[in-house]
Undergrad: 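One structure, as structure tokens, below. Some questions next.
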Amino acid sequence: MELNPCRYEAESISYQDLKNLEEKSYYQIKYDGTHICLKYQGILEINTRKDIPHDKSFQELFMKVPGIEEVINYLKDHENYIIHGELVHKKTSALQIHQNEIPQFIIYDVFDKELGKYVHPLRIDSRIWNWFPEIYLNVDDLINVITKERLEGLVAKIYNPKKISCKEGRNFNMCLFKYKPYFSVLGVIFKPIRKEIDTKQLAFLLGEIDNDLKNGKNDWYQNHPELYNFFVQNKDKILQILQDQNYILQIQKDTHLDIMKVIEYMKNFKVT
């Protein structure tokens, strides 16, 4: 059975597992868009992960990306390559995280068909380097960016893995993992009480307080008056919810939040 080179799957992991990855991981922002498998074999192919052509509307949107000819011309010069990336636009953002009117194309990886493996990120050609998202070597630095901008999450990639095994996220010579920070994970954790309280607001509140505590700040309530009002109106209910040890254990396992410090902060917070 021939392997599909357009297949590009990531394996979901918890924050605890993310921290246990070996040091040779490369971290990038996970954009909420539509995956593009871009090939050139006499003609340009704008395909899906299943290696079938994208809908005409997505193909037309892709061709409206400013400067996309630069990527297409590069691919014409390197027909042995397949480019994996994300088409980011308000029409392709399922979670409505991105609201940009002008489409963007973010390149994640380049696959070499002749060698049957992904090109190492430090060996990417300078002609397309600017199309890649920034690479982080420290996961906490990237999490600070994601939580501040309320992005979907991050991906962690390990090329030629030896000690780390992956099943769902095995893509030829690369292991690909994805981690979604607090606002996605907490939505699942707090699902049983979503009729009692606005769990989305609760998730953002916990994340903003945690971010301030980790960065030596205390201005979340000034920057986010809507969260402050939510907290004032629901402080007792929130603290009651966070007395549940099952919630605490889940938050500690699956997110980066220091929930015990957040709870202590909330208890001592003086509402004006």
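We count residues from 1, following the sequence as given.
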Undergrad: Under a 4.5 Å cut-off applied to non-hydrogen side-chain atoms, are D125 and V110 in contact?
TA: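 The answer is no, as the side chains (C-beta and beyond) never meet within the 4.5 Å cut-off.
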Undergrad: Under 4.5 Å between side-chain heavy atoms, counting indirect links through other Ile/Leu/Val/Met/Phe/Trp/Tyr residues: same cluster for L115 and I82 or not?
TA: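 Shared cluster, no.
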Undergrad: Please tell me if the side chains of Y15 and L257 come closer than 4.5 Å, counting only heavy atoms from C-beta onward.
TA: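 Not touching, per the 4.5 Å side-chain cut-off.
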Undergrad: Side-chain donor-acceptor contacts of residues 188-204 below 3.5 Å, not counting sequence neighbours, with atom names and distances?
TA:
unit_1, atom_1, unit_2, atom_2, d
D198, OD1, K200, N, 3.1
D198, OD1, Q201, N, 3.1

Undergrad: Do P133 and Y31 have side chains that approach each other closer than 4.5 Å (heavy atoms only, starting at C-beta)?
TA: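 P133 reaches Y31 side chain to side chain.
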Undergrad: Can you name the residues that form a salt bridge (Lys or Arg N to Asp or Glu O under 4.0 Å) with R127, not counting sequence neighbours?
TA: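 R127: salt bridge (Lys or Arg N to Asp or Glu O under 4.0 Å) contacts with D77.
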Undergrad: Consider only side-chain heavy atoms of I, L, V, M, F, W and Y, link residues closer than 4.5 Å, and tell whether I251 and L249 are in one cluster.
TA: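 No.
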Undergrad: Scan residues 153-177 for pairs that pass salt bridge (Lys or Arg N to Asp or Glu O under 4.0 Å), counting only residues two or more places apart or in two chains.
TA: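 Output for this query lists D109-K157.
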Undergrad: In a check of side chain to side chain contact (heavy atoms under 4.5 Å, CB included) between Y27 and each of I146, L18, I135, which one passes?
TA: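 Answer after filtering I146, L18, I135: L18.
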Undergrad: Minimum heavy-atom separation for C175 to S165, with atom names?
TA: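 Scanning both residues completely, I find the closest heavy atoms to be SG-C, 4.4 Å.
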Undergrad: I'd like to know if the side chain of K50 and the backbone of N4 have a donor-acceptor N/O pair within less than 3.5 Å.
TA: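 Side chain of K50 to backbone of N4: no pair is present.
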Undergrad: Answer yes or no: is there a side-chain heavy-atom contact under 4.5 Å between L206 and L186?
TA: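 Yes, their side chains come closer than 4.5 Å.
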Undergrad: Quick one: side-chain hydrogen bond (donor to acceptor under 3.5 Å, both in side chains) pairs with a partner in residues 228-251, sequence neighbours left out?
TA: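 Residue pairs passing side-chain hydrogen bond (donor to acceptor under 3.5 Å, both in side chains), neighbours aside: Y228-T272.
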Undergrad: Are D140 and H256 side-chain neighbours, meaning at least one heavy-atom pair lies under 4.5 Å?
TA: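 No, side chains not in contact.
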Undergrad: Side-chain contact, heavy-atom cut-off 4.5 Å: I248 with I263?
TA: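 I248 vs I263: side chains touch.
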Undergrad: Between Q104 and V65, what is the shortest heavy-atom contact and its length?
TA: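 Here Q104 and V65 meet closest at C-CG2, 4.1 Å.
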Undergrad: Find out whether Y8 and C37 are in side-chain contact, i.e. whether some heavy atom of one side chain is under 4.5 Å from a heavy atom of the other.
TA: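 Sidechains of C37 and Y8: no contact.
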Undergrad: Under the ring-ring contact (aromatic ring centres under 6.0 Å, His included) rule, collect the residues that match up with F111, sequence neighbours excluded.
TA: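 If we apply the ring-ring contact (aromatic ring centres under 6.0 Å, His included) test to F111, skipping adjacent residues, the hits are Y118, F172.
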Undergrad: Assigning hydrophobic clusters by single linkage (Ile, Leu, Val, Met, Phe, Trp, Tyr; side-chain heavy-atom cutoff under 4.5 Å), is I52 placed with I46?
TA: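 Per the 4.5 Å side-chain linkage, I52 and I46 are not co-clustered.
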Undergrad: Please work out which of the three classes, parallel, tilted or perpendicular, describes the rings of W131 and F105, given edges at 30° and 60°.
TA: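 Tilted: the ring planes of F105 and W131 meet at 30° to 60°.
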Undergrad: Taking H78 for its side chain and Y74 for its backbone only, find out whether a donor-acceptor pair lies under 3.5 Å.
TA: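 Yes, H78 side chain to Y74 backbone: donor-acceptor pair under 3.5 Å.
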Undergrad: Which distance, rounded to the nearest 0.5 Å, do you find between the CG of D51 and the CD of E45?
TA: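 Rounded to the nearest 0.5 Å, the CG-CD separation comes out at 7.0 Å.
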Undergrad: Identify all side-chain donor-acceptor contacts of residues 54-63 below 3.5 Å with residues at least two apart in sequence or on another chain.
TA:
unit_1, atom_1, unit_2, atom_2, d
H54, NE2, H35, O, 2.7
H54, NE2, N47, O, 3.4
Q59, NE2, H54, O, 2.9

Undergrad: Determine whether I124 and I107 satisfy the following criterion, side chain to side chain contact (heavy atoms under 4.5 Å, CB included), listing intermediate values before the conclusion.
TA: CA-CA 11 Å; I124 294 297; I107 297 179; over 6 Å; no
Undergrad: Taking the side chain as every heavy atom from C-beta outward, state whether V119 and Y81 have any atom pair closer than 4.5 Å.
TA: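 SC-SC contact between V119 and Y81 confirmed.
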Undergrad: Quick one: side chain to side chain contact (heavy atoms under 4.5 Å, CB included) partners of I102, sequence neighbours excluded?
TA: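 Residues passing side chain to side chain contact (heavy atoms under 4.5 Å, CB included) with I102: P66.
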Undergrad: Mind checking side chain to side chain contact (heavy atoms under 4.5 Å, CB included) for K30 and listing every partner two or more places apart, or none if nothing turns up?
TA: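 K30 satisfies side chain to side chain contact (heavy atoms under 4.5 Å, CB included) with E152, V155, K178 only.
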Undergrad: Can you name the ring-ring contact (aromatic ring centres under 6.0 Å, His included) partners of Y221, sequence neighbours left out?
TA: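 If we apply the ring-ring contact (aromatic ring centres under 6.0 Å, His included) test to Y221, skipping adjacent residues, the hits are F269.
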Undergrad: What disulfide bond (SG atoms under 2.5 Å apart) pairs are there with at least one residue in residues 65-126, not counting sequence neighbours?
TA: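 As it turns out, there is no disulfide bond (SG atoms under 2.5 Å apart) pair with a partner in residues 65-126 once direct neighbours are skipped.
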Undergrad: I need the L44 CG to I68 CD1 distance, nearest 0.5 Å.
TA: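 One gets 9.0 Å once the value is rounded to the nearest 0.5 Å.
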Undergrad: Please report the closest heavy-atom contact between W129 and P121, naming both atoms and the distance.
TA: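 Smallest interatomic distance, heavy atoms only, reads CZ3-O, 3.2 Å.
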Undergrad: To the nearest 0.5 Å, how far apart are CD1 in I83 and NZ in K39?
TA: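 If I round to the nearest 0.5 Å, the distance is 13.0 Å.
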Undergrad: Roughly how far, to the nearest 0.5 Å, is CG of N171 from CZ of R7?
TA: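 These two atoms lie 5.0 Å from each other.
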Undergrad: Run the side-chain donor-acceptor check on residues 87-94: report pairs under 3.5 Å with partners two or more places apart or on a different chain.
TA:
unit_1, atom_1, unit_2, atom_2, d
H89, ND1, K91, N, 3.0
H89, NE2, E101, O, 2.8
K90, NZ, E101, OE1, 3.2
K90, NZ, E101, OE2, 2.9
T92, OG1, L87, O, 2.8
T92, OG1, H89, N, 3.0
T92, OG1, H89, O, 3.1
S93, OG, D32, O, 3.4
S93, OG, D32, OD2, 2.7
S93, OG, Q96, N, 3.3
S93, OG, I97, N, 3.0
S93, OG, H98, N, 3.2

Undergrad: Identify, with sequence neighbours excluded, every residue that meets side-chain hydrogen bond (donor to acceptor under 3.5 Å, both in side chains) alongside E86.
TA: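 In terms of side-chain hydrogen bond (donor to acceptor under 3.5 Å, both in side chains), with neighbours along the sequence ignored, E86 is linked to no residue.
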Undergrad: Nearest 0.5 Å please: distance from the CD1 atom of I158 over to the CD1 atom of I164.
TA: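 I158 CD1 to I164 CD1: 5.0 Å, rounded to 0.5 Å.
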Undergrad: Can you tell me how far apart CG (L142) and OH (Y136) are? Round to the nearest 0.5 Å.
TA: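 Going from CG on L142 over to OH on Y136, the span is 5.5 Å.
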Undergrad: Are a donor atom and an acceptor atom from the side chains of Y179 and D17 found within less than 3.5 Å of each other?
TA: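 No, D17 and Y179 have no side-chain donor paired with an acceptor closer than 3.5 Å.
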Undergrad: Would you say L205 ends up clustered with V271 if hydrophobic residues are merged whenever their side chains have heavy atoms under 4.5 Å apart, either directly or through other cluster members?
TA: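 V271 and L205: one cluster.
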Undergrad: Which label fits Y159 and H120: parallel for a plane angle under 30°, tilted from 30 to 60°, or perpendicular past 60°?
TA: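 Ring orientation, 0 to 90° scale: tilted.
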